[in-house]
> 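Just dropping this structure here.
Note: hydrogens, waters and symmetry copies are ignored here, and every other heavy atom, side chains too, is used.
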Amino acid sequence: MKKNIAIIMGGYSSEYHISIKSGEVVYNTLKDDDDLNLFKIIIEQDNWHYLDDNNQKHQVSRDKFEVISENQVIKFDLVFNTIHGVPGENGEIQRYFENLGMFQTSSNSKESSLTFDKNRCKEKIKSFGYLTPHSILTKKADIIDSKKIISQLNFPVFVKPNSGGSSFGISRVVEKKDIEKALDHCFKEDDYALIEEEIIGREITVGVINYRGKVVALPPTEIKSHNSFFDYNAKYMGESDEITPAEISPDNEKEVMKIATEIYNKLNLKGFSRCDFIMRDNMFYFLEVNTNPGLTKESILPQQALAAHISLKDLFRSVID
């Protein structure tokens, strides 16, 4: 009997269009599988709908998460979550499906809520004994005391939204006089800003997945941005070099894969994840963990899976079967 799979995509954040691309990749990769019926479900703030192959929209019932189409009610066996940001990565959509008793492919609500909060997640990681950059958290409602911020941190610093991803709202600040401008930019994305000291080193990211019943760390990637940091253009517009596997020593590779796997397990994650680090003096500084990483052609996790000889089909099937 075929499984009905809802591929949810879109969301309420600046990552909407990236999520649509991720959902399309999943759909196009699995659409010919004989044992699956796939449904593209677009999640928007005031409109949830099923988009069929003729680009016709069909209503999604929010109280039961069912599709009403041509007087038929379509129920789902599983939800494939490709929403980056709110509500697909912050625990909100996870809580919704948990209340309905439906299985979805990303981490559960409690874990997603923790990892989406960069500051809270960093504090948790630090409590496990891993290295993290020094940082402070400030909120939009506060009166910005630039002198206090400057006195507590060594520059350059990164100013980034405490929640969210895809490099929206992030600035690298070299001159102390530019801190307020960076905060204004950040607060367009989030009410909280994490101001983090820059660790000079190599940017290494590691995907971790649950593959065929086993937690597996994928070959690490080194990111070499053409810009001052891995911003949106570097991530999605080709303005970076992504080297997979990373050209680091076997000992360093083993160590960073071990740390990423331990973080995955200690945070009780599931599905796909990706941990970002800075490597300096053979030490790894944790930056953040992404529990719904991009699945577009430009995305890192699919590159790493292919380097591990895992096809996109096998990667996506791993959270379905």
> When you measure from the side chain of Gln94 to the backbone N and O of Gly91, does any donor-acceptor pair fall under 3.5 Å?
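Side chain of Gln94 to backbone of Gly91: a pair is present.
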> Which heavy atom of Asn119 sits nearest to which heavy atom of Asn162, and what is that distance?
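Residues Asn119 and Asn162, closest heavy atoms: N-OD1, 2.8 Å.
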> Using a cut-off of 6.0 Å, state whether more than 12 heavy atoms not belonging to Lys110 lie near its atom NZ.
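Count not over threshold, so no.
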> Same cluster or not: are Val86 and Ile8 linked, directly or through other Ile, Leu, Val, Met, Phe, Trp or Tyr residues, by side-chain heavy atoms under 4.5 angstrom apart?
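Val86 clusters together with Ile8.
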> Within the structure provided, determine whether Ile209 and Ile310 are in side-chain contact (heavy-atom separation under 4.5 Å).
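Of all side-chain heavy-atom pairs linking Ile310 with Ile209, at least one is under 4.5 Å.
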> Salt-bridged, Arg317 to Asp35, with N to O below 4.0 Å?
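Answer for the salt bridge query: yes.
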> Would you tell me whether Ser13 and His84 have side-chain atoms, one donor and one acceptor, within less than 3.5 Å of each other?
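Distance-only check fails for Ser13 and His84.
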> Carefully, step by step, assess Ile195 and Leu183 under the rule side-chain contact (heavy atoms from CB on, under 4.5 Å).
CA-CA 9 Å; Ile195 309 171; Leu183 286 168; 4.0 Å; yes
> When rounded to the nearest 0.5 angstrom, what distance separates NZ in Lys160 from CD in Glu189?
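These two atoms lie 14.0 Å from each other.
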> Examine Lys40 relative to Tyr27 and say whether NZ or CZ is less than 6.0 Å from the centre of the six-membered ring and inside a 45° cone about the ring axis.
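Yes; both conditions hold, so Lys40 lies above the ring face of Tyr27.
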> What's the shortest heavy-atom distance between Val319 and Thr105, and which atoms?
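Closest approach of Val319 to Thr105, heavy atoms only: O-CG2, 3.6 Å.
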> Looking at Val215 and Val208, what are the two nearest heavy atoms and their distance?
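Shortest heavy-atom contact: CG1-CG1, 3.6 Å.
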> Under a 4.0 Å N-O cut-off, is there an ion pair linking Lys126 with Glu123?
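Yes.
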> Under 4.5 Å between side-chain heavy atoms, counting indirect links through other Ile/Leu/Val/Met/Phe/Trp/Tyr residues: same cluster for Ile223 and Ile243 or not?
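Looking at the clustering, Ile243 is in a separate group from Ile223.
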> Using side-chain heavy atoms (C-beta onward) and a distance below 4.5 Å, is Glu24 in contact with Ile20?
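Contact flag for Glu24/Ile20 side chains = yes.
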> May I have the step-by-step check of side-chain contact (heavy atoms from CB on, under 4.5 Å) for Ile5 and Phe76, ending in yes or no?
CA-CA 6 Å; Ile5 309 295; Phe76 297 106; over 6 Å; no
> State the CD1-OG distance between Ile42 and Ser19, to the nearest 0.5 angstrom.
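Atom-to-atom, Ile42:CD1 and Ser19:OG are 8.0 Å apart.
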> Please list all pairs meeting salt bridge (charged side-chain N to carboxylate O under 4.0 Å, His left out) that have one or both residues in residues 82-98, counting only residues at least two apart or in different chains.
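Salt bridge (charged side-chain N to carboxylate O under 4.0 Å, His left out) check on residues 82-98 returns no pairs.
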> Any side-chain heavy-atom pair from Ile248 and Arg202 closer than 4.5 angstrom?
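Yes, at least one pair of side-chain atoms sits under 4.5 Å.
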> Would you call Ile7 and Thr82 a side-chain contact if the rule is heavy atoms closer than 4.5 Å?
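Counting from C-beta outward, Ile7 and Thr82 do come under 4.5 Å.
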> Salt bridge between Lys122 and Glu196, side-chain N to carboxylate O under 4.0 Å?
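The answer is yes: the pair qualifies as a salt bridge.
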> Which residues end up grouped with Met1 if you chain together Ile, Leu, Val, Met, Phe, Trp and Tyr wherever their side-chain heavy atoms are less than 4.5 Å apart?
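Hydrophobic cluster check, Met1: no partners found.
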> Same cluster or not: Val67 versus Met9, using hydrophobic residues (I, L, V, M, F, W, Y) connected whenever any side-chain heavy atoms lie under 4.5 Å apart?
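No, separate clusters.
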> Please check if the number of heavy atoms outside His17 that lie under 6.0 Å from its NE2 is greater than 12.
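No, not enclosed.
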> Taking Ser249 for its side chain and Asn252 for its backbone only, find out whether a donor-acceptor pair lies under 3.5 Å.
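Between the backbone of Asn252 and the side chain of Ser249 there is a qualifying donor-acceptor contact (under 3.5 Å).
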> State whether a side-chain donor-acceptor pair under 3.5 Å links Asn268 with Glu111.
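Distance-only check passes for Asn268 and Glu111.
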> Do the side chains of Glu198 and Arg172 get close enough for a salt bridge, i.e. N-O under 4.0 angstrom?
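Yes, this pair counts.
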> Does Ser113 have any side-chain hydrogen bond (donor to acceptor under 3.5 Å, both in side chains) partners at least two apart in sequence or in another chain, and if so, which?
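Scan of Ser113 (side-chain hydrogen bond (donor to acceptor under 3.5 Å, both in side chains), adjacent residues dropped) gives Arg120.
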> Main chain of Thr205, side chain of Gln304: is a donor-acceptor contact present, judged purely on distance under 3.5 Å?
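Such a contact is found between Gln304 side chain and Thr205 backbone.
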> Hey, is OH on Tyr192 packed in by over 12 heavy atoms from elsewhere, all under 6.0 Å?
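Atom OH in Tyr192 is not crowded, with 12 or fewer foreign heavy atoms closer than 6.0 Å.
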> If I take atom CD from residue Glu253 and atom CE from residue Met279, how far apart are they, to the nearest 0.5 angstrom?
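So the gap between those two atoms works out to 11.0 Å.
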> Going from NZ on Lys124 to CG on Asp117, what distance comes out if it is rounded to the nearest 0.5 angstrom?
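Those atoms lie 12.5 Å apart.
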> Regarding Lys140 and Asp190, does a basic nitrogen lie under 4.0 Å from an acidic carboxylate oxygen?
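Looking at Asp190 together with Lys140, the answer is no, because their closest N to O distance does not fall below 4.0 Å.
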> Please name the residue in the list Val289, Asn290, Asn292, Thr291 that meets the side-chain contact (heavy atoms from CB on, under 4.5 Å) test with Arg274.
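With Arg274 as partner, side-chain contact (heavy atoms from CB on, under 4.5 Å) holds for just one option, Asn290.
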> Pairs in or reaching into residues 264-309: which pass ring pair (Phe, Tyr, Trp, His ring centres under 6.0 Å), with residues at least two apart or in two chains?
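Applying ring pair (Phe, Tyr, Trp, His ring centres under 6.0 Å) to every pair that reaches into residues 264-309, excluding sequence neighbours, yields nothing.
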> Give the intermediate values and the outcome of side-chain contact (heavy atoms from CB on, under 4.5 Å) for residues Cys121 and Ile125.
CA-CA 6 Å; Cys121 186; Ile125 296 301; 4.2 Å; yes
> Salt bridge (charged side-chain N to carboxylate O under 4.0 Å, His left out): which pairs involve residues 46-67, sequence neighbours left out?
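Only Glu66-Lys75 qualify under salt bridge (charged side-chain N to carboxylate O under 4.0 Å, His left out).
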> How about Ile41 and His49: do any of their side-chain heavy atoms sit closer than 4.5 Å?
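With C-beta onward as the side chain, the pair stays apart.
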> Looking only at heavy atoms, what is the nearest atom pair of Asn81 and Gly88, with distance?
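Smallest interatomic distance, heavy atoms only, reads ND2-O, 2.9 Å.
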> Heavy atoms, side chains only, cut-off 4.5 Å: are Ile83 and Tyr16 in contact?
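Heavy-atom side-chain distance check fails, nothing below 4.5 Å.
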> Could you pull out the closest heavy-atom pair between Leu153 and Glu197, with the gap in Å?
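Scanning both residues, the minimum pair turns out to be CA-OE2, 3.4 Å.
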> Is the number of heavy atoms from other residues, nucleotides or ligands within 6.0 Å of NZ (Lys254) greater than 12?
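Check fails, neighbour count at 12 or below.
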> Is there any ring pair (Phe, Tyr, Trp, His ring centres under 6.0 Å) pair reaching into residues 86-110, and which pairs are they, with sequence neighbours excluded?
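Applying ring pair (Phe, Tyr, Trp, His ring centres under 6.0 Å) to every pair that reaches into residues 86-110, excluding sequence neighbours, yields Trp48-Tyr96, Phe65-Phe97.
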> Distance only, no hydrogens: is a donor on one side chain within 3.5 Å (strictly under) of an acceptor on the other, for Tyr50 and Gln56?
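Side chains of Tyr50 and Gln56: no pair found under 3.5 Å.
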> Consider only side-chain heavy atoms of I, L, V, M, F, W and Y, link residues closer than 4.5 Å, and tell whether Leu312 and Leu78 are in one cluster.
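They do share one cluster, since a chain of ILVMFWY contacts under 4.5 Å joins Leu312 to Leu78.
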> Find the distance between CG (Leu287) and OG (Ser135) and round it off to the nearest 0.5 Å.
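Result: 10.5 Å between the selected atoms.
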> Between Lys313 and Thr29 (side chain of the first, backbone of the second, donor and acceptor by atom type, cut-off under 3.5 Å), is there such a pair?
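Such a contact is found between Lys313 side chain and Thr29 backbone.
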> Val216 and Ile263: same hydrophobic cluster, using ILVMFWY side-chain contacts below 4.5 Å?
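No, it is not one cluster - the side chains of Val216 and Ile263 are not joined through contacts under 4.5 Å.
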> Does Leu269 offer a backbone N or O that forms a donor-acceptor pair with the side chain of Ser107 under 3.5 Å?
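Not confirmed, Ser107 side chain does not pair with Leu269 backbone.
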> Would you say Glu242 and Glu203 make side-chain contact, with heavy atoms under 4.5 Å?
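Glu242 does not reach Glu203 side chain to side chain.
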> Taking atom NZ of Lys3 and atom CG of Asp321, what is their separation to the nearest 0.5 Å?
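CG of Asp321 is found 5.5 Å from NZ of Lys3.
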> For side-chain contact (heavy atoms from CB on, under 4.5 Å), just list the numbers for Tyr130 and Glu262, CA-CA rounded to whole Å, side-chain angles, deciding distance to a tenth of an Å, and then say yes or no.
CA-CA 10 Å; Tyr130 302 110; Glu262 289 173 352; 2.5 Å; yes
> Between Leu267 and Leu114, is there a side-chain heavy-atom distance shorter than 4.5 Å?
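Leu114 reaches Leu267 side chain to side chain.
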> Under a 3.5 Å threshold, yes or no: a donor from one side chain and an acceptor from the other, between Thr221 and Gln303?
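There is no such pair (donor and acceptor under 3.5 Å, judged by atom type) between the side chains of Thr221 and Gln303.
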> Return yes if some donor-acceptor pair links the side-chain N/O of Thr296 with the main-chain N/O of Glu298 below 3.5 Å, else return no.
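Yes; judged by distance alone, with no hydrogens or angles, the pair exists.
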> Please report the shortest heavy-atom distance between Met257 and Pro220, naming the atom on each side.
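Taking every non-hydrogen atom into account, SD-CD, 3.9 Å.
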